Amino acid sequence: MAQILNTALLQANLEWENIEQNKALFERKIKELPQETDLIVLPEMFSTGFSMNAENLAEPDKGPTFKWMQKMASEKDAAVTGSLITSEKGHFYNRLYFVFPDGSSEKYDKRHTFTLAKEDETYAAGRERLIVNYKGWKICPLVCYDLRFPVWARNTEDYDLLIYVANWPAARVTAWDTLLKARAIENMSYCIGLNRVGRDGSELDYVGHSAVYDCLGKQISSSKEETEFTELVALNKQHLLDTRSQLKFLQDRDRFTVHLE
């Protein structure tokens, strides 16, 4: 088990619908990371931006960009996670991959498709939540709009880390800041939100505010820039265990079952 999980936040300005240029951008940033990096977090749809042009941009499951993620994970000996546009069995998905250093992987399809942008008319909604086991850490990776739905994130598995990868627009960034902190507090978990910056092809502006919160809602990342940045944040498993031992809030949680339509 890794007592410390060194996690890299890569907040970047995505080039609209330019898969190769975005991969090149992130490859440069990943190669600059220190060797002790354990986990690399990329934004939602990191290779294209938040596009509904799935017919022209979608890659097959475990296609070229996934293989690029495997290459980055292997070269850095670190896990890599982020979402991209995929197609499988006649459907398009906003699919998050969690790629381990050995090339194995797990995937999560975004559950809450963003109706305001008509994402639901292009992408099929996922039906299963994912809990990843990595270096003794239980990790729950989710995608952008999922952040607004606390029931979906409820910590019923005693996970240690909640991750949201996103293209969350500047107009609602106050909600982003507030909800990330709330998810950390209510789930007694570390919570990472990784957003993009810049302007996309739909003329939406993004100001990042990528951050990491501990299980009491304290921000432990230090970067405040609303431009591109890379930051390595050390997550401490013992701090989490000690806090949960002292404050047994998760033991008092409600029990319920989520019924998917």
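Since this is a predicted model, take the numbers as computed values, not measurements. Sequence positions, counted from 1, serve as the residue numbers for this chain. Scope of the values below: all heavy atoms of this structure, side chains included, with no hydrogens, waters or symmetry mates.
A salt bridge links D158 with R253; the closest basic N to acidic carboxylate O contact falls under 4.0 Å. With salt bridges taken as basic N to acidic carboxylate O contacts below 4.0 Å, one links R95 and D109. Contact check on E27 versus K31 returns a salt bridge, with a Lys/Arg side-chain nitrogen under 4.0 Å from an Asp/Glu carboxylate oxygen. Comment: D160 engages R244 in a salt bridge, judged by a side-chain N to carboxylate O separation of less than 4.0 angstrom. The existence of a salt bridge linking D61 and K107 is confirmed by a sub-4.0 Å separation between a basic side-chain nitrogen and an acidic carboxylate oxygen. Salt bridge status for K29 with E32: absent, with no side-chain N to carboxylate O gap under 4.0 Å. Of the charged side-chain nitrogens involved, at least one lies within less than 4.0 Å of a carboxylate oxygen, so that D38 and K135 count as a salt-bridged pair.
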Intermediate values then yes/no, side chain to side chain donor-acceptor pair (under 3.5 Å), Y213 and D177: CA-CA 10 Å; Y213 296 89; D177 295 338; 5.0 Å; no
field: Worked check of side chain to side chain donor-acceptor pair (under 3.5 Å) between N94 and S83
entry: CA-CA 6 Å; N94 184 345; S83 88; 2.8 Å; yes
- request: Start with the C-alpha gap between N18 and E15, add the side-chain angles, then the distance that decides, and say whether side chain to side chain donor-acceptor pair (under 3.5 Å) holds.
  value: CA-CA 6 Å; N18 192 325; E15 186 68 25; 5.1 Å; no
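The side chain to side chain contact (heavy atoms under 4.5 Å, CB included) test applied to R172 returns F114, L116, R148, W168, P169, not counting sequence neighbours. Annotation: side chain to side chain contact (heavy atoms under 4.5 Å, CB included) contacts of K248 (sequence neighbours excluded): S245, Q251.
The nearest pair of heavy atoms linking K237 to G136 is NZ-O, 2.7 Å. Among all heavy-atom pairs drawn from S221 and S210, the shortest one is OG-O, 4.5 Å. The two residues A117 and F50 come nearest to each other via the heavy atoms CB-CE2, 3.9 Å. Nearest heavy-atom pair across I85 and S51 is CD1-O, 3.9 Å.
Taking the six-membered ring for Trp and thresholds of 30 and 60 degrees, W68 and F46 have ring planes inclined between 30 and 60 degrees apart. Ring geometry, H112 versus Y145: the interplanar angle exceeds 60°, so the pair is classed perpendicular (tilted spans 30 to 60°).
The main-chain N or O of E36 is found under 3.5 Å from a side-chain atom of N6 such that the two form a donor-acceptor pair. Under a 3.5 Å cut-off, the side chain of K67 and the backbone N or O of K62 do form a donor-acceptor pair. A donor-acceptor distance shorter than 3.5 angstrom exists from the side chain of Y108 to the backbone of R111, with no hydrogens or angles considered. T37 places no side-chain N or O within 3.5 Å of a backbone atom of L33 that could act as its donor or acceptor partner. Between the side chain of Q11 and the backbone N or O of L194, no donor-acceptor pair lies under 3.5 Å. Judged by distance alone, with hydrogens and angles left aside, the side-chain atoms of N56 form no donor-acceptor pair with the main-chain N or O of N53 at under 3.5 Å.
Counted by atom type alone, H209 and N195 present zero donor-acceptor pairs between their side chains at under 3.5 Å. Using a 3.5 Å distance cut-off with no hydrogens or angles, the side chains of T65 and E59 do pair a donor with an acceptor. T113 and E119 share no side-chain donor-acceptor pair at under 3.5 Å. Side-chain contact annotation: R196 with N13, donor-acceptor N/O pair under 3.5 Å present. T86 and E88 share no donor-acceptor pair across their side chains, judged by distance under 3.5 Å alone.
L142 and L147 fall within a single hydrophobic cluster, where Ile, Leu, Val, Met, Phe, Trp and Tyr are joined by side-chain heavy atoms under 4.5 Å apart, directly or via other members. Hydrophobic clustering (ILVMFWY, side-chain heavy atoms < 4.5 Å, transitive): V197 and V165 are in distinct clusters.
Between atom CD of residue Q70 and atom CZ of residue F100 there is a gap of 12.0 Å, rounded to the nearest 0.5 Å. Here the straight-line distance linking atom OG of S189 with atom CZ of R183 works out to 11.5 Å at 0.5 Å rounding.
If you look at F66 and Y97, their ring centroids are closer than 6.0 Å. In this structure, Y134 has its ring center under 6.0 Å from that of F98.
Within a 6.0 Å sphere centred on CD of E128, other residues, nucleotides and ligands contribute 12 heavy atoms or fewer. Counting non-hydrogen atoms of neighbouring residues, nucleotides and ligands closer than 6.0 angstrom, the CD atom of E157 exceeds 12 such neighbours.
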